[in-house]
Visitor: 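Please read through the structure below; I'll follow up with questions.
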Protein chains: 2
Amino acid sequence: MSNGSGFSPVHNTIPDIVVGRLPLYLRALTYMAEEGKATTSSQELGERLGMSSAQIRKDLSTFGEFGKQGTGYHIGYLIGQLRQILKLDDEWRVAVVGAGFLGHALTNYNGFRHRGFRISWVFDSDPEKIGEEMNGLVVQPMGELEATIQREGSRMAILAVPASAAQEVTDRMVAAGIRAILSYAPINLTVPPYVQVRYSAPVVELQHMAFYVDKALV
Amino acid sequence: MSNGSGFSPVHNTIPDIVVGRLPLYLRALTYMAEEGKATTSSQELGERLGMSSAQIRKDLSTFGEFGKQGTGYHIGYLIGQLRQILKLDDEWRVAVVGAGFLGHALTNYNGFRHRGFRISWVFDSDPEKIGEEMNGLVVQPMGELEATIQREGSRMAILAVPASAAQEVTDRMVAAGIRAILSYAPINLTVPPYVQVRYSAPVVELQHMAFYVDKALV
DNA sequence: TAGATTGTTAATCGATTAACAATC
DNA sequence: TAGATTGTTAATCGATTAACAATC
C-alpha cells in the first residue's frame with residue numbers, strides 16, 4: 001500500500017513503520033512522567049504498549065543511544081529527544097477544513113495542545129456556519145482557504161468535509177502549500193508525491209474487526 | 001506491535017494485514033459500482049488505491065477465485081463476496097460510549113449505515129446530557145451500560161470518553177459482552193485476548209507526519 | 001561486585017513483488 | 001483467434017525476534 005498516498009519517505013533510510021511508532025512511545029513516556037516516574041526500561045515500556053522490548057530498543061537505536069545499560073532510559077530526556085526527532089518543539093498550526101459535527105469536535109478537542117499542534121483556523125462553505133465561534137476561533141469562509149494558508153504558511157490540515165468535496169478541497173490546499181493532510185473523508189485522495197495523507201476511517205476499522213467477531217457470544 | 005491489543009487472530013491462517021485491506025477494496029468497489037461500472041481489473045483497482053495489482057490479486061486469492069482471466073472482476077459479485085467474508089450482511093448494532101463533541105459527531109454520522117453498522121445506543125455519565133436526543137437516539141445513563149449490552153447482545157462499541165475514564169469503561173463493556181472496540185481515547189487499553197481494540201488517534205497521525213514535513217516550503 | 005539492561009548482530013519470520021502458465 | 005488478465009509460484013525485500021557482549 002506504499003503508505004496510503006503517493007508520498008514516499010525519500011531521502012531517508014529510516015523505516016516509516018518505525019517513525020510511526022515514535023508517537024506511541026512518546027505518549028506512553030508522557031503518561032509515565034505524569035505518574036512521577038523518572039526512568040523506565042524497554043521491557044516496562046513494551047509491556048505498556050503490548051510490544052516486545054527488542055522492538056523498542058531497536059526502534060530507538062535508529063536515532064541514537066538514549067539509554068544506559070543496567071539503568072534503562074531517563075524518561076524526561078527521552079521525551080525531549082523524541083519531541084525533537086518528530087519536530088514537535090515548535091507548535092504546528094493546523095487548519096481544520098469543514099465545520100460540521102466532526103470539524104466541531106476536532107476544533108473543541110484540547111488534546112492537540114501540549115502535543116505539538118494547535119488548531120488555528122476553521123473553514124466551511126456553509127453561510128450558516130461562517131462567522132460561528134468554535135472554541136475561540138471564528139469559522140472562515142472556504143473562499144479564504146488559499147489566501148490564509150499562503151499568508152500564514154500553514155503546512156498541515158485536517159480534512160473534515162464530505163467525500164464528494166474532499167478531492168477538490170485537497171487540490172486547493174495542496175496548491176496553497178499544505179504538505180500533510182489528516183483526512184476523515186472516506187475516499188482515497190490523489191496528491192503529489194511530496195504531500196502526505198493519513199486517513200481516519202471508523203467504518204474501515206469496524207469492518208476490519210467484524211471479520212473476527214462471533215455474532216453469538218462463545 | 002502484535003496488533004495493538006492483546007487480541008491475536010488465533011484459529012486462522014489469514015494474515016491480519018490482508019483482512020485489513022478488504023474494507024478498502026470494498027469501499028473502492030462500491031464507488032465504482034455507483035459510477036455504473038460493471039467490471040474492473042486488479043490493475044485498475046490498484047491504481048485507485050495506490051497499490052500494486054499483484055497485491056490485490058494475492059489478497060483476494062486468499063479467500064477464493066473471484067475473477068476471470070481476460071475479463072477481471074465482476075464488481076457487484078466481488079462486493080457481495082467481500083461483504084460476506086467481512087460478515088457485513090447483517091447490520092452490527094454499535095454502542096457509542098461518551099456523548100461529548102466526538103460522540104455527538106459519531107452518532108450523527110450517517111456513513112455507518114449501508115456499510116454494515118448502525119449506531120444503536122449512546123451513553124454518557126453527565127446528567128446534563130442524559131435524555132438529550134441525538135440523531136433519533138436518546139442519550140442513556142452510563143449506569144445502563146452493562147444491562148443494555150447484555151440484553152441486546154451488542155458486540156461492538158465505539159469509545160469516546162476521556163482518557164481518564166477509558167480503561168474503567170472498557171472493563172465494564174468487556175464484562176458485559178463487547179468483543180470489539182474502536183477507541184478514540186489516547187491511551188493503550190488492556191483487554192482480554194478475545195477482545196479486539198483498534199485506535200483512532202489524530203495526534204499520533206499528525207506527529208507521524210510532522211517527522212517528514214519541512215517547516216519552510218521547499 | 002553482581003545484577004540489570006542496553007545496543008547490535010544474526011536468524012527468523014512474514015509480506016510484497018515479479019513473472020508467467022493457464023484460460024477467458 | 002489474439003489480447004487481456006487471472007491465480008499462483010518463487011524470488012526478493014523488509015520487519016521482528018532472540019541472543020549476547022558490553023557496560024552501567
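A note on names: the letters A, B, ... follow the listed sequences, proteins ahead of strands, and every chain is numbered from 1. All figures in this text were calculated on a predicted structure; none of them were measured in a lab.
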Visitor: Any side-chain N or O of B/Ser52 under 4.0 Å from OP1/OP2 of C/dT16?
Guide: no
Visitor: How does each nucleotide of nucleotides 19-24 of chain C score, in 5' to 3' order, for protein heavy atoms under 4.0 Å: base (B), sugar-phosphate only (S), or none (-)?
Guide: B--BBB
Visitor: Mind checking ring pair (Phe, Tyr, Trp, His ring centres under 6.0 Å) for B/Tyr109 and listing every partner two or more places apart, or none if nothing turns up?
Guide: B/Phe112
Visitor: Using side chain to side chain contact (heavy atoms under 4.5 Å, CB included) as the criterion, list what pairs up with A/Ala157, not counting sequence neighbours.
Guide: A/Ala95, A/Met173, A/Ile178
Visitor: Starting at CD of A/Gln55 and ending at C1' of C/dT12, how long is that distance when rounded to a whole Å?
Guide: 15 Å
Visitor: Give the table of side-chain donor-acceptor pairs shorter than 3.5 Å for residues 66-74 of chain B, with sequence neighbours excluded, one pair per line with atom names and distance.
Guide:
none

Visitor: As a check on the pairing definition, encode DNA chain D in dot-bracket form, counting Watson-Crick and G-U wobble pairs whose two distances are under 3.5 Å, and using | for partners outside this strand.
Guide: ..||||||||||||||||||||||
Visitor: Just the rounded figure in Å: distance from C1' of C/dT8 to CG of A/Asp59.
Guide: 14 Å
Visitor: B/His74 has an atom NE2; how far is it from atom C1' of D/dT5, in whole Å?
Guide: 17 Å
Visitor: Not counting sequence neighbours, which residues clear side-chain hydrogen bond (donor to acceptor under 3.5 Å, both in side chains) with A/Glu146? List them please.
Guide: A/Arg172
Visitor: With respect to the side chain of B/Pro15, which nucleotide from C/dT16, C/dA15, D/dT16 is positioned closest?
Guide: C/dA15
Visitor: Among residues 31-47 of chain A, which residues get a heavy atom nearer than 4.0 Å to DNA chain C?
Guide: A/Ser41, A/Ser42
Visitor: Report yes if at least one side-chain N or O of B/Tyr73 is closer than 4.0 Å to OP1 or OP2 of D/dA4; otherwise report no.
Guide: no
Visitor: Between atom CG in B/Leu49 and atom P in C/dT16, what is the gap in whole Å?
Guide: 14 Å
Visitor: Does B/Lys58 or A/Lys58 map to a spot on DNA chain D nearer the 5' end, using the closest nucleotide for each?
Guide: B/Lys58
Visitor: Nearest whole Å is fine: how far is C/dT8 C1' from A/Phe63 CZ?
Guide: 16 Å
Visitor: In chain order, what residues pass the side chain to side chain contact (heavy atoms under 4.5 Å, CB included) check against B/Ala38, with sequence neighbours excluded?
Guide: none
Visitor: Check the distance between C/dT5's C1' and A/Leu60's CG and give it to me in whole angstrom.
Guide: 13 Å
Visitor: Whether the side chain of A/Asn188 engages the backbone of B/Arg48 through a donor-acceptor N/O pair (distance < 3.5 Å, no angle test) should be reported.
Guide: yes
Visitor: Could you give me the CA-CA distance, side-chain angles and deciding distance for B/Asn135 and B/His104, then say whether side chain to side chain donor-acceptor pair (under 3.5 Å) is met?
Guide: CA-CA 9 Å; B/Asn135 204 16; B/His104 202 228; over 6 Å; no
Visitor: In this structure, how many angstroms lie between the C1' atom of D/dA15 and the CE atom of A/Met51, rounded?
Guide: 12 Å
Visitor: With sequence neighbours excluded, give me every salt bridge (charged side-chain N to carboxylate O under 4.0 Å, His left out) pair touching residues 53-62 of chain B.
Guide: B/Arg21-B/Asp59
Visitor: Side chain to side chain contact (heavy atoms under 4.5 Å, CB included) with B/Ala160: which residues, sequence neighbours excluded?
Guide: B/Leu102, B/Leu106
Visitor: Could you tell me which non-hydrogen atom of B/Val19 sits nearest to which non-hydrogen atom of B/Pro23, and how far apart they are?
Guide: O-CD, 3.1 Å
Visitor: What residues form a ring pair (Phe, Tyr, Trp, His ring centres under 6.0 Å) with A/Tyr25, not counting sequence neighbours?
Guide: none
Visitor: Scan for side-chain hydrogen bond (donor to acceptor under 3.5 Å, both in side chains) pairs involving residues 79-95 of chain B, sequence neighbours excluded, and state none if there are none.
Guide: B/Glu91-B/Arg118, B/Arg93-B/Glu152
Visitor: Mind calculating the distance between CD1 (B/Ile75) and C1' (D/dT6) to the nearest angstrom?
Guide: 16 Å
